[in-house]
Amino acid sequence: MKAPLASLLWRSLRVYQVFGANTDVGKTVFTTLLGRTAKRRWNDERVTFLKPVSTGSADEADDNHIRRFAEGVAHKTLFQYDIPVSPHTAALASGQPIPSDDALLAKCRSFAAECAAQGRGWLFVETAGGVHSPGPSGNTQADLYIPLRTPTVLIGDSRLGGISQTISAFESLRLRGYDVESIMLFQDAKYENYQYLSEYFAKHHGVPVTSMMSPPARVEDGKEDAAAMSDYYGNKECEDVSADVLEHLDRRHDERIASIESLAAKAHQHIWYPFTQQSLVGTKDIMTIDSAHGDYFQTLMPGKATADEPVLRSSFDGSASWWTQGLGHSNPQLTLAAAYAAGRYGHVMFASAVHQPAMALAQLLLEGMQNPRLNRVFFSDNGSTGTEVAVKMGLRAARVRYGWGTEERLGVLGLKGGYHGDTIGAMDMAEPCAFNEKVEWYEGKGFWFDYPTVLCIDGRWSVTVNQGLSKDIGDGQSYTSLSDIFDVEGREERGEHHRYEEYITKTLAALQERGQKFGSLIIEPIVLGAGGMELVDPLFQRTLVKVVRRSPHLFRTSDDAAPKDEKDWSGLPVIFDEVFTGLYRLGRFTPSSFLGVHPDISVHAKLLTGGLVPLCTTLASEHIFDVFSSNDKTDALLHGHSYTAHPIGCQVALESVKEMQAMEQRGDWAWAKNQGWTSSANAPSTLGADRVWSSWPRDFVQDLSHNTRRVSGAWALGSVLAIHLRDAAGTGYSSNAAQGLREALAKGKDSRDGGPWNVHSRVLGNVLYVMTSQTTSETSVRQIADLLKQSLA
């Protein structure tokens, strides 16, 4: 979904979508029976039939059938095409503009909202053809209608082969997150599909299957045929069976709303939330998510909705679900990849074994990184454990080369505010901070450099230096564009890196003088995430890596073995924690390409699986790998997880990474790259400073930065937007400066066709960040940008 679109859920209106297991299975007959019976049994309520897309002669259109045989049932067709073929072919042949999926869904939602406003009633939305019959755009209906999240009545196939067709249709809907509440089909004495399907769905899915006597065969004489159908619809057995189904659907509608509304209270009693001080959280503060699609959650509206108000609203997933979302929630492509691997493998153990998804993913990542150093892939469950694996590799390599004994205490070099995960080992790689200061086993092991950051301040792109650091490297500097800042080679040619070199070298020499030993340099390239969404001057990080590599004398105490070749590490093993910033989050496959330096070890998670399942990979050089090789098993990297190289995760990751690479090759982000993120005339370099871009328009970011009363600076890169707000009491994780802006975004607004929507966002102290996925549309970005500007104003 490309624009906010709230699900079709009101107290007053019971909405059900009618899908067919195949063409000509009787969808319109069943819908007519349900509509007629609903009107007779709930006579004071409005009953409506909606056909979003209809093909064939208008005289024989389904709404005409409703008009003729379901008196009192309102009816509407949104798009009527005269040619009796598949909707995508009919739409193309019509010569009319082909409606987009978004436009079609918006019309459906708008019509349903009108029905809800007219009082309590029923709305039956009938699809065209089978579950996978294409809509006008060419996308299959099973995919097209996902955002509406409408509970479904599936019309089964009573003919030869109908058992398979019905089960296949059900599974297609189920895989896409549809709630199939009832299955209906005609009776057929010859095949008796009903009997098998009834037992099958009762056993495996608990979905009721209802059979109905078949309608009379069609005859040529129109009046005779109409009379026969009138008798059929008037049959008491047909009405009684339909009434039973309607009673079930009515009950399920009420149960769904009751369940959604009770979740927050139950969660408040029993759930222990991450990163949350729950003493400050009440039931009303808990967001209830009914479903998700694309960039949006479907969430419970605050307060108790009246009968004609929507129960759910559309909430933009502003944190990309903690930085994992890449290809949109409930992406059918990823869902099917997961189902395939689950069906083929489930989970299989991985020690001294291999399966195709793991091997294919390893090769894809190594090729995509374009890093001549990397040659090995280690699988784990998440970014935190992946960084622990990385530092185990790095520390061992340094210990062996420099001949340090196991009694020597080794630390890491990193950056202030750098954060690599919440497991104990990962925490020890970070300086003391709010995340670890009250963790009993925390022992910060390392030294963390201060650094200059990048912000757009009052319309100017600047490298900023805090007061404490300025005495070492001097003041900051303004640039014409963000691309100029990322032109690290050009800046080196102008000698801008010299002050960084002096500061880093002097600091390392002082650390050596104090006798401290280090086993690795670990950094989050370009952006520090949990540490406050700090965009680090890329020239500083590039210089840090280069100084470490050319200064082994600052880490060892004697003449030790030199690097074996240009692919071997020098000084210290360099680890890039790309869990957050990697795999197109910042617009490129790897953020190391911004820096023009290759790590010896890199860690990848988050976008790796497009937000569907947990998985992490730690990539390492052959030289790092060789350190662990010997005839002694205890020299091995004794690290692993029960779900190492989980086949489902590997298959989903393979699909996710391939799709993002294809999006880059197709130019799917051209609209974002053309939003003013162009280099100045003197900026382009071999590192591609001219390819610095963001989903967020440059002019919008600069406009935000002009709001100097509230904003101390802002930046955007790739899918990430960060707004640093002023706080007289001080910045950092404990600041509450961003809370007001977050609350303003959460209030949201209403759209004419899509219904109520808002933005769910997260804050890091005085920083509010909003993140798109890699599939977010320009329309959505501009809608959210407008809401942000209004909220700040």
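Although no hydrogens or angles enter the test, the distance criterion places no donor-acceptor pair under 3.5 Å between the side chain of S656 and the main chain of A653. Checking side-chain atoms of W715 against main-chain N and O of M533 turns up a donor-acceptor pair under 3.5 Å. Although no hydrogens or angles enter the test, the distance criterion places no donor-acceptor pair under 3.5 Å between the side chain of S321 and the main chain of T324. Judged by distance alone, the side chain of E388 and the main-chain N or O of G425 form a donor-acceptor pair under 3.5 Å. Of the possible donor and acceptor atoms, none in the side chain of Q541 sits under 3.5 Å from a partner among the backbone N and O of V536. Looking at R376, its side chain never comes within 3.5 Å of a backbone N or O of L619 through a donor-acceptor pair. Here the side chain of R762 pairs no donor or acceptor atom with the backbone of W322 at under 3.5 angstrom. In this structure a side-chain-to-backbone donor-acceptor pair under 3.5 Å is missing from S705 to A714. Checking side-chain atoms of Y451 against main-chain N and O of K416 turns up a donor-acceptor pair under 3.5 Å. Q774 contributes a side-chain N or O that, together with a main-chain N or O of Y584, makes up a donor-acceptor pair within less than 3.5 Å.
In this structure, D600 pairs ionically with R373, as a charged nitrogen and a carboxylate oxygen lie closer than 4.0 Å. The residues E492 and K546 are annotated as salt-bridged, a charged nitrogen and a carboxylate oxygen being separated by less than 4.0 angstrom. A salt bridge does not link D626 with K564: every distance from a Lys NZ or Arg NE/NH1/NH2 to an Asp or Glu carboxylate oxygen is 4.0 Å or more.
Across all their heavy atoms, G571 and Y402 have their closest contact at O-OH, 2.7 Å. The heavy-atom pair separating R460 from S478 by the smallest distance is NH2-CB, 3.7 Å. Here the shortest heavy-atom pairing between P432 and W448 reads CD-CZ3, 4.4 Å. Of all heavy-atom pairs spanning M393 and A620, the tightest one is SD-CB, 3.8 Å. Between S694 and Q675 the shortest heavy-atom distance is O-NE2, 3.4 Å. Closest non-hydrogen pair, P525 versus D577, comes out as CD-O, 3.3 Å.
The aromatic rings of F540 and Y500 lie perpendicular to each other, with more than 60° between the two planes, well past the 30° mark. Aromatic ring orientation, Y503 versus F449: perpendicular (interplanar angle above 60°, classes split at 30° and 60°).
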Derivation of the side-chain contact (heavy atoms from CB on, under 4.5 Å) call for W461 and V454: CA-CA 7 Å; W461 287 96; V454 176; 4.2 Å; yes
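In this structure, P614 and Y643 have side chains that are not in contact, with every pair of non-hydrogen atoms separated by 4.5 Å or more. Side-chain contact check for L615 versus V652: every heavy-atom pair is 4.5 Å or farther apart. Using a 4.5 Å heavy-atom cutoff, the side chains of F555 and Q512 are not in contact. Here the side chains of S520 and L572 are not in contact, with every heavy-atom distance at 4.5 Å or above.
At a cut-off of 3.5 Å, with distance as the only test, no side-chain donor of T385 or D381 sits close to an acceptor on the other residue. Of the N and O atoms on the side chains of D565 and H623, at least one donor lies less than 3.5 Å from an acceptor on the other residue. Side chains of T453 and T464: a donor on one and an acceptor on the other come within 3.5 Å. Checking S384 against N382 by side-chain atom types alone, no donor-acceptor pair falls below 3.5 Å. There is no side-chain donor-acceptor pair under 3.5 Å between R549 and S570. For the residue pair T590/E578, the side-chain donor-acceptor check at 3.5 Å is satisfied.
The ring of F275 has its center closer than 6.0 angstrom to the ring center of F435. Ring centers of F350 and H355: under 6.0 Å apart, within the cut-off.
Tested against P452 for a side chain to side chain contact (heavy atoms under 4.5 Å, CB included), the candidates L469, N466, L539 yield a single pass: L469.
For the pair R588 and F594, the cation-pi criterion (under 6.0 Å, within 45° of the ring axis) is fulfilled.
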